[in-house]
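What follows is a short report on a single structure.
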Amino acid sequence: MSAPRRFIPTLQEARSLDAVARLNSISAAARELNLAQPTVSYHISKLEDRWSAKLFRAKGRNLEPTEFLRAIIPDIRAVTYQLEHIGHLVGSQYHQKVLSIGIAPSLASIVLQPRLDGFLRRSPEINVRICAANRFVNLEEERIDVALRLLPRSHSQEADVNGNALVPVPQEHMRVVCSPDYLASLTGLLQPDDGPDVRLLLQAQLIHEDETVHWAKYFSTFLAGHPFEARPRLTFNNADMILQAAISGQGFALLRDVYVMDALGKGFLVEPYESRLPCERVFQFLAPEAIGFTQPASSFVTWFGAELKSLLNQA
């Protein structure tokens, strides 16, 4: 005998229930699920109303599951996982010729797009869909097959596409770059064999990345005692705009290796100082948890990982 339909939660309700139970917070669950907080609250209240049961109780500023919910949450999680797994499998079969790649817009425009034709020639049977976003997308919901994210370095340095994460590149650094003409305008004369005096950096306009402290850390590490806060600044919220501003001669930029190596190699940029900051996060590939790396995703990881390594070997 089947259960009345009012006892069966929707997938979205089950996901909200699971997230709140794990995170002990409606707001944290909403952030994880990329939903509005009132939506998650609505899911919980609708379930409590339909089931005539209290699902959470307040514990300080957090929530904790009631005994009723503790008894059923393992089964809810198991069913939710199976439904998401089935959905991704069906989606992968339906879109088996399309490889959806989640990537930051700057990395896509500066590094991937100029090289993408090499992958298309190597794998002509794969149609590529680039999903560029400055946020951590939900891979399952947005049907992303592989994503490249900046994450803390994992303990393993091995490239393993059988799991759900891979570190494809060596340790990167952030380096100061500017256009040759901008450097010449500060020095009056380019002398490649003589490094510019530190006073040039103190006179230059600094190009900042919004909501970061890269320049402050550079000054505290290499230029302790020199004023930083009073420096003229130009701020962008995207690395590709910072790169173009530096190339066009608008100031000194502090960018990670992967963004500047092509421009340095072509002579669009110069590196006036040898001092470089180690990057705290590294690029890693991720696959949806329910399915892992598909064959097209593994092909892309292998190819783009090699491209990034080759690029950074020039550093």
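Worth knowing before you read on, the calculation uses all heavy atoms, side chains too, and leaves out hydrogens, waters and symmetry mates.
Met241 places none of its side-chain heavy atoms less than 4.5 Å from the side chain of Glu209. Annotation: side chain of Asp145 is not in contact with side chain of Arg129 (no heavy-atom distance under 4.5 Å). For the pair Leu120/Val128, a side-chain contact is recorded, criterion being any heavy-atom separation below 4.5 Å from C-beta on. Residues Gln250 and Leu234 form a side-chain contact, since some pair of their non-hydrogen atoms from C-beta on lies under 4.5 Å apart. Annotation: side chain of Phe268 is not in contact with side chain of Ser179 (no heavy-atom distance under 4.5 Å).
Using modelled atom types, one finds a donor on one side chain and an acceptor on the other under 3.5 Å when comparing Ser109 with Asp240. For the residue pair Ser25 and Asn62, no side-chain donor N or O sits within less than 3.5 Å of a side-chain acceptor on the partner. Thr10 and Gln12 share no donor-acceptor pair across their side chains, judged by distance under 3.5 Å alone. For the 3.5 Å distance criterion, the side chains of His43 and Ser16 qualify, holding a donor opposite an acceptor. For the residue pair Gln295 and Ser299, a side-chain donor N or O sits within less than 3.5 Å of a side-chain acceptor on the partner.
A chain of hydrophobic side-chain contacts below 4.5 Å, direct or via other Ile, Leu, Val, Met, Phe, Trp or Tyr residues, connects Met174 to Tyr273. Using a 4.5 Å cut-off between side-chain heavy atoms of Ile, Leu, Val, Met, Phe, Trp and Tyr, with links allowed through other members, Ile76 and Tyr42 fall into different hydrophobic clusters. When the side chains of ILVMFWY residues are joined at heavy-atom separations under 4.5 Å, either directly or via intervening members, Leu277 and Phe252 end up in a single hydrophobic cluster. When hydrophobic clusters are built by joining Ile, Leu, Val, Met, Phe, Trp and Tyr residues whose side-chain heavy atoms come closer than 4.5 Å, directly or via intermediates, Val20 is grouped together with Phe68. Note: the hydrophobic cluster containing Tyr81 does not contain Ile144 (ILVMFWY, side chain heavy atoms under 4.5 Å, direct or indirect links).
For the residue pair Ala108 and Ile103, the shortest heavy atom distance occurs at CB-CG2, 3.7 Å. Residue Ser27 comes nearest to Gln37 through the heavy atom pair CB-OE1, 3.4 Å, listed as atom of the first residue, atom of the second, then distance. Taking both residues in full, the closest heavy atoms of Gly249 and Tyr182 are given as O-CD1, 3.2 Å, listed atom of the first, atom of the second, then distance. Across all their heavy atoms, Ala246 and Ala253 have their closest contact at CB-CB, 3.8 Å. In this structure, Trp303 and Arg115 approach most closely via the heavy-atom pair CZ2-O, 3.1 Å. Annotation for Ala21 and Arg77: closest pair CB-NH2, 3.9 Å, computed over non-hydrogen atoms.
Checking side-chain atoms of Thr66 against main-chain N and O of Lys54 turns up a donor-acceptor pair under 3.5 Å. Side-chain atoms of Arg143 never come within 3.5 Å of backbone atoms of Leu139 as a donor-acceptor pair (strictly under, hydrogens ignored). In this structure, the side chain of Thr39 does not engage the main chain of Leu35 through any donor-acceptor pair within 3.5 Å. The closest donor-acceptor contact from the side chain of Ser310 to the backbone of Glu307 lies at 3.5 Å or more, if one exists at all. Judged by distance alone, the side chain of Glu271 and the main-chain N or O of Val177 form no donor-acceptor pair under 3.5 Å. Not a single donor-acceptor pair under 3.5 Å links the side chain of Ser123 to the backbone N or O of Ile126. The backbone N or O of Tyr218 sits nowhere less than 3.5 Å from a side-chain atom of Thr221 that would complete a donor-acceptor pair. The closest donor-acceptor contact from the side chain of Gln284 to the backbone of Leu148 lies at 3.5 Å or more, if one exists at all.
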Notebook entry, point to check: Going through the distances and angles, do Thr235 and Asp210 end up as a side chain to side chain donor-acceptor pair (under 3.5 Å)?
Noted result: CA-CA 6 Å; Thr235 302; Asp210 198 21; 5.8 Å; no

Notebook entry, point to check: Do Arg122 and Asp117 pass the salt bridge (charged side-chain N to carboxylate O under 4.0 Å, His left out) test, and can you show the C-alpha distance, the side-chain angles, and the key distance before you say yes or no?
Noted result: CA-CA 8 Å; Arg122 168 176 167 162; Asp117 190 55; over 6 Å; no

Notebook entry, point to check: Should Glu211 and Asn237 be marked as a side-chain contact (heavy atoms from CB on, under 4.5 Å) after you check the CA-CA gap, both sets of side-chain angles, and the distance that decides it?
Noted result: CA-CA 8 Å; Glu211 299 182 351; Asn237 67 349; over 6 Å; no

Next item on the list: For side-chain contact (heavy atoms from CB on, under 4.5 Å), just list the numbers for Cys178 and Leu183, CA-CA rounded to whole Å, side-chain angles, deciding distance to a tenth of an Å, and then say yes or no.
Entry: CA-CA 7 Å; Cys178 66; Leu183 183 58; 3.8 Å; yes

Next item on the list: Go through the steps for Trp215 and Val176 under the test side-chain contact (heavy atoms from CB on, under 4.5 Å), then give the verdict.
Entry: CA-CA 10 Å; Trp215 273 116; Val176 178; 3.8 Å; yes

Checklist line | side-chain contact (heavy atoms from CB on, under 4.5 Å) assessment of Ile110 paired with Val258 | finding: CA-CA 9 Å; Ile110 297 172; Val258 72; over 6 Å; no

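The structure places CG of Leu107 at 12.0 Å from CD of Gln113, a figure rounded to the nearest 0.5 Å. Atoms CZ and CD1, from Phe56 and Ile26 in turn, are 7.5 Å apart once rounded to the nearest 0.5 Å. With rounding to the nearest 0.5 angstrom, the CG atom of Asp18 is 8.0 Å from the CD atom of Glu32. Taken from CG in Leu17 to CG in Leu47, the straight-line distance is 6.0 Å, to the nearest 0.5 Å. Taken to the nearest 0.5 Å, the OG1 atom of Thr212 stands 7.0 Å off from the CD1 atom of Ile242. Residue Ile207 holds its CD1 atom at 8.0 Å from CG of Leu255, rounded to the nearest 0.5 Å.
Aromatic rings from Phe119 and Phe300 are positioned such that their centres are separated by under 6.0 Å. Between Phe293 and Phe285, the distance from one ring center to the other does not fall under 6.0 angstrom.
Just one residue in the list Leu112, Leu116, Val146 forms a side-chain contact (heavy atoms from CB on, under 4.5 Å) with Phe304, and that residue is Leu112. Glu172 pairs in a salt bridge (Lys or Arg N to Asp or Glu O under 4.0 Å) with only one of the listed residues (Arg281, Lys309, Arg256), which is Arg256.
Other residues, nucleotides and ligands place more than 12 heavy atoms under 6.0 Å from the CZ atom of Phe236.
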